[in-house]
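Quick note on labels: first sequence line is chain A, next is B, and so on, each numbered from 1. This structure is a prediction, so every number in the text was calculated from the model and none was measured.
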Amino acid sequence: MTAGVPLVVMEDVNKSFGDLQALKDINLSVDKGEVVVVIGPSGSGKSTLCRTINRLEPIDSGRILIDGEPLPLEGRALARVRADVGMVFQSFNLFAHKSILKNVTMGLIKVRGMSRAEAEDKAMELLKRVGIADKAHRHPAELSGGQQQRAAIARALAMNPKLMLFDEPTSALDPEMIKEVLDVMVELAAEGTTMIVVSHEMGFARSAAQRVAFMDGGRILEVSPPEQFFAAPQTERARDFLSKILAH
Amino acid sequence: MEVLLDNLDSFAIGIRNTVALSLASFAGALAIGMIIATFRVSPVPPLRAAGATYVETIRNIPPLVLIFVFFFGFPTIGIIYSPFVSAIIVLAVYTAAFVGEAIRAGVNTVARGQAEAARALGLTFPQTLGLVVMPQALRSVVPPLGNLFIALVKNTSLASTISVFELTFVSKRLITDTAQGLLIFFGTAIAYLLLTLPAGWAVGRIEKKAAFQR
């Protein structure tokens, strides 16, 4: 929670998929302990932005710094950075052939070099925290979507990440399950976890975010505190977007 | 039928050598094939190119020609092995091209998100492949590998051309001695079936065991 170097800095980041420029001159910095929610219409580049931060998508130009260090290109150095950056996916991506417990312990044992017993203790503690300790020995396919997503959050948290990335974590969930996942996320935010959350959950943005970044057409059009953003968006495009999604 | 019964001991030696050839070269093919598949899905372009070159070269040359190149050609550049070892090496190298492709196809059946989640967790490329992708890929690879094993068992008969004392070679010998072509080759065909049919059955069993919930 110290001031000084921001945890994540994106400088003039550009990224194209063939002819489609997904990110255009992205500049964004996120401080330690801050929660930034990225919203925008589909195809606006918000998922791509999230995925460039741990280099699941390599960028074409610009710089991304994590804790003041440029993101390594490939190899072990990149793997080390990724170990410190937790990621939660829209489609959960739990390892299908492993139990929930083993999903959570894999990183601890294989990346952090923790003993199995120690890793299992820690994993059980986290599974308890997200409310699915009783599912520890089940396989992912046996759990509901909400339970799988909570397991995925536990798997990411196990690594004690400096930063958590959420790429549309509730988009694939039924309304009832959205709440159970958001509850966990709100709790994390309240504890001071640094989070970048790509989401359509306006309620979450209002209650948990320090800042909202609005994207359209690969650009960040505005970044402002949620009160301000929802009450008086600065750009016409944001006003238009909000009027559509908040209309019903 | 007497001619078969009288020569059972010769057949037994032939069968034993055919089994040994099959198992040894399949083990080699699995090991090389796994490396080839790893190359082909690697993030490093030169490795991908090397893997593709191997597959396209080896699988498009008749295995008999490969055996001749290795056994009759390579000694001139100082590479000399016994007929038996030569057959194992060539059959392993040949089958590996197909094994590599089968495993690569299996890797492609694993959802992309699985590897992404593994990388996001901080696993290295070899760990991602070994701990997350391969274990899931191999389950879908069991049936094609079974086919390749059966094809390999049949291909071991090519070793008869460089006088490896396997089933087909034994049969040809016995025909020279007894002049009973029909019966001898009939017996040989039955012997191959005795090897390949149980192999197919075993593959079915392994496939059932490897099935899992997705």
Side-chain angles (χ1 to χ4, degrees), chain A residues 47 50-51 53-58 73-99 102-113 138-143 148 151-152 155-161 163-167 172, chain B residues 34 37-51 102-145 205-214:
Chain A
S47 268
C50 188
R51 293 163 55 86
I53 296 172
N54 63 356
R55 217 181 142 77
L56 281 184
E57 297 295 351
L73 292 185
E74 274 302 329
R76 287 182 183 279
L78 178 61
R80 269 194 295 278
V81 172
R82 283 173 173 159
D84 289 335
V85 177
M87 183 152 194
V88 175
F89 300 86
Q90 180 178 357
S91 48
F92 330 131
N93 295 348
L94 289 170
F95 305 133
H97 62 308
K98 296 277 186 195
S99 69
K102 291 213 160 107
N103 264 273
V104 182
T105 56
M106 187 184 285
L108 292 173
I109 296 170
K110 301 295 176 182
V111 179
R112 298 284 190 229
R138 300 278 174 181
H139 274 65
E142 300 174 274
L143 271 61
Q148 288 192 55
R155 175 175 68 179
L157 287 179
M159 305 295 284
N160 290 334
L163 165 71
M164 285 285 287
L165 302 172
F166 291 85
D167 184 7
Chain B
M34 185 68 91
T38 305
F39 276 25
R40 296 214 66 181
V41 300
S42 144
V44 186
L47 290 185
R48 281 205 301 273
I103 293 176
R104 185 174 72 103
V107 166
N108 289 340
T109 66
V110 179
R112 216 177 58 144
Q114 295 286 308
E116 284 187 348
R119 284 153 61 208
L121 206 53
L123 296 176
T124 59
F125 173 75
Q127 285 178 318
T128 298
L129 209 55
L131 296 169
V132 175
V133 178
M134 281 300 179
Q136 297 185 59
L138 290 181
R139 292 165 210 245
S140 60
V141 165
V142 172
L145 286 187
R205 298 275 302 190
I206 296 170
E207 195 185 340
K208 277 211 185 79
K209 270 206 162 150
F212 75 119
Q213 257 188 316
R214 280 181 202 265

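Contact of Arg51(A) with chain B is made through the side chain alone, with heavy-atom distances under 4.5 Å. Using a 4.5 Å cut-off between heavy atoms, Phe95(A) contacts chain B through both its backbone and its side chain.
No more than 12 heavy-atom neighbours from other residues, nucleotides or ligands sit within 6.0 angstrom of CZ on Arg76(A).
Between the OG atom in Ser140(B) and the CG atom in Leu145(B) there is a gap of 9.5 Å [rounded to 0.5 Å].
Counting heavy-atom pairs closer than 4.5 Å to chain B, the top-ranked of the candidates Leu78(A), Val111(A), Val85(A) is Val111(A). Listed options Arg112(A), Arg155(A), Met87(A) were ranked by heavy-atom pairs under 4.5 angstrom with chain B; first place goes to Arg155(A). Interface summary for chain B: among Arg80(A), Arg55(A), Met106(A), the most heavy-atom pairs under 4.5 angstrom belong to Met106(A).
For the pair Leu129(B)/Val41(B), a side-chain contact is recorded, criterion being any heavy-atom separation below 4.5 Å from C-beta on. Side-chain contact check for Met164(A) versus Leu157(A): some heavy-atom pair is nearer than 4.5 Å. Contact of the Leu163(A) side chain with the Asp84(A) side chain is not registered, since no non-hydrogen atoms from C-beta on lie closer than 4.5 Å. Under the 4.5 Å side-chain criterion, counting only non-hydrogen atoms from C-beta, Cys50(A) is in contact with Leu165(A).
Taking the side-chain contact (heavy atoms from CB on, under 4.5 Å) definition, one finds that Pro140(A) meets it with Leu94(A), Ile100(A), Asn103(A), Gln148(A), sequence neighbours left out.
Below 4.5 Å, heavy atoms of chain A meet heavy atoms from Gln114(B), Glu116(B), Ala117(B), Ala118(B), Arg119(B), Ala120(B), Leu121(B), Gly122(B), Leu123(B), Thr124(B), all part of residues 114-126 of chain B.
Here the closest heavy-atom approach between residue Ala156(A) and residue Gly86(A) is recorded as CB-CA, 4.0 Å.
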